[in-house]
Number of protein chains: 2
Amino acid sequence: MPNKSYHHGDLKAELIRTGLKLLDQEGYEAFSLRKVAKACNVSQTAPYRHFKNKDELIIAIAMEAMGAFNECLQKAVDQHPDNPKKQLTEMGIAYIHFFVENPEYLRLLFLSDMRYKMNEYFCAHPEYFQNDHPFQTFFQTIERYKAAVPSSNQSLGKAELMLFSWGLVHGISILIANKEIPLEGDYLSMVRKIVESEKFLD
Amino acid sequence: MPNKSYHHGDLKAELIRTGLKLLDQEGYEAFSLRKVAKACNVSQTAPYRHFKNKDELIIAIAMEAMGAFNECLQKAVDQHPDNPKKQLTEMGIAYIHFFVENPEYLRLLFLSDMRYKMNEYFCAHPEYFQNDHPFQTFFQTIERYKAAVPSSNQSLGKAELMLFSWGLVHGISILIANKEIPLEGDYLSMVRKIVESEKFLD
DNA sequence: TTTTAATGTTAACACTGTCAACTTCAATAT
DNA sequence: ATATTGAAGTTGACAGTGTTAACATTAAAA
């Protein structure tokens with residue numbers, strides 16, 4: 001039953017929710033403020049009462065997506081509380097799995113122009129960055145691993161290991177999600193082989 | 001000296017050249033057909049005599065960029081004709097270096113919506129894909145390496161090694177170029193350490 | 001020399017983000 | 001209880017976008 005009152009009640013939340021759905025359905029480039037407004041049965045300019053401009057709405061949507069992504073990583077980590085190495089590999093696999101199954105999230109979070117604007121936003125709001133940002137989850141997992149297996153990859157410091165493992169799963173996610181690389185068969189088993197490859201861990 | 005005649009002479013080439021410059025200067029989202037036309041001293045709709053639509057111009061521009069990128073990879077490979085392993089590592093480093101120094105190329109070639117349209121284009125024009133596409137350069141280098149060092153990474157097949165090494169340099173390029181990861185110091189020496197890390201080659 | 005097709009132009013359309021000005025209405029202050 | 005105010009909605013307008021249709025120019029082919 002549509003709320004026919006002049007005031008909507010919770011437009012801000014519905015804009016984010018509807019926006020995420022539209023972004024998922026129609027892609028980043030086709031995304032338009034007016035469409036979101038229309039989908040919420042509200043005038044073109046109503047969103048401006050809740051967001052300074054289009055970018056800020058997209059950033060809010062991206063925050064939602066970032067949270068979901070981070071939860072996914074954290075869950076993988078939490079399933080192996082006493083095994084830092086397995087935490088790292090399972091988190092890596094979860095990373096790839098999440099983005100291959102949700103390619104639109106990948107574009108929103110990392111592959112669109114929004115990425116640059118979000119970086120600015122994070123600089124302006126460091127408190128967010130320090131809490132449940134995937135970067136932190138990744139970094140902490142690396143630190144636990146390095147602490148638990150001090151002999152590991154002696155030639156690579158913490159920063160290099162971070163760049164190595166993050167870069168690896170990030171790149172693989174994109175290559176698969178964007179169909180950059182022709183793959184036959186089950187990508188997940190390939191990914192597991194790679195990520196667990198003893199050649200790069202331990 | 002501006003060519004004042006009604007017909008331009010070589011508008012198509014100038015559109016691509018000017019377009020690449022604008023893309024580089026103002027970024028992908030700010031890029032507009034009308035601006036390119038204006039920059040070429042030509043009416044808004046003149047480009048439509050040479051390209052079916054905006055996408056086709058961008059694809060043409062991306063082809064140029066793709067060629068430059070592939071040349072860069074090929075050059076790195078050619079500098080070590082008798083050392084397949086060094087070919088692979090140096091190509092990887094060149095890969096990262098190219099995109100970190102030309103982040104707008106990275107966006108154009110891999111991070112924008114254009115990526116998807118280009119994939120469709122490649123499917124329609126497989127002859128291009130088979131020649132000087134970076135994918136081929138990468139794949140051939142992997143194959144030479146695998147042939148030269150058959151014992152390498154026994155647990156990983158050619159497809160997995162491809163996904164591993166390409167994913168690694170691709171991901172690292174993006175993390176650095178997009179400033180996703182805070183880096184202090186010289187990124188190139190870090191990259192060299194990682195890519196040459198004996199843990200993942202041999 | 002005539003024809004024609006390639007290459008240019010102008011005018012218009014629908015769509016976009018955004019602003020200014022106006023309206024409604026719930027909550028607060030008197 | 002009533003007046004006021006400010007948050008949240010509206011309409012209308014503007015400049016910029018991609019794109020199409022109709023027309024103009026001119027180099028090359030017939």
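Each chain gets a letter, A, B and so on, in the order the sequences are listed, and its residues count up from 1.
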Expressed in angstrom and rounded to an integer, what is the separation of [X] atom [atom1] from [N] atom [atom2]?
X	N	atom1	atom2	result
B/Q44	D/dA21	CD	C1'	14 Å
A/E26	C/dT16	CD	P	10 Å
A/N41	D/dA8	CG	P	19 Å
A/H50	D/dG9	NE2	C1'	8 Å
B/K38	D/dG18	NZ	C1'	15 Å
A/L33	D/dT10	CG	P	14 Å
A/F51	D/dG9	CZ	P	11 Å
A/K54	D/dG16	NZ	P	17 Å

Next item on the list: Would you indicate what A/K35 reaches in the nucleic acid, counting non-hydrogen atoms under 4.0 angstrom: base, sugar-phosphate, or nothing?
Entry: sugar-phosphate
Check: Which sits closer to the 5' end of DNA chain D, A/R49 or A/R34, going by the nucleotide each is nearest to?
Finding: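 Its nearest nucleotide lies further toward 5', so the answer is A/R49.
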Item checked: Position toward the 5' end of DNA chain D (nearest nucleotide), A/A46 or B/S32 -> A/A46
Next item on the list: Say whether, by atom type as modelled, one donor and one acceptor occur between the side chain of A/N53 and the main chain of A/E56 under 3.5 angstrom.
Entry: yes
Checklist line | Expected output: side-chain A/K35 to main-chain A/A30 donor-acceptor under 3.5 Å | finding: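 It does hold such a pair.
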Check: Does the pair A/E90/A/R192 count as a salt bridge with the N-to-O cut at 4.0 Å?
Finding: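 Salt bridge: yes.
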Note to self: Regarding B/E26 and B/K21, does a basic nitrogen lie under 4.0 Å from an acidic carboxylate oxygen?
What the structure shows: no
Next item on the list: Output the single nucleotide from C/dG17, C/dA11, D/dT11 whose closest atom is nearest the side chain of A/Y48.
Entry: C/dG17
Check: Would you say the side chain of B/T45 and the base of C/dT10 hold a donor-acceptor pair, judged only by whether the two atoms sit under 3.5 Å apart?
Finding: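 Indeed there is one.
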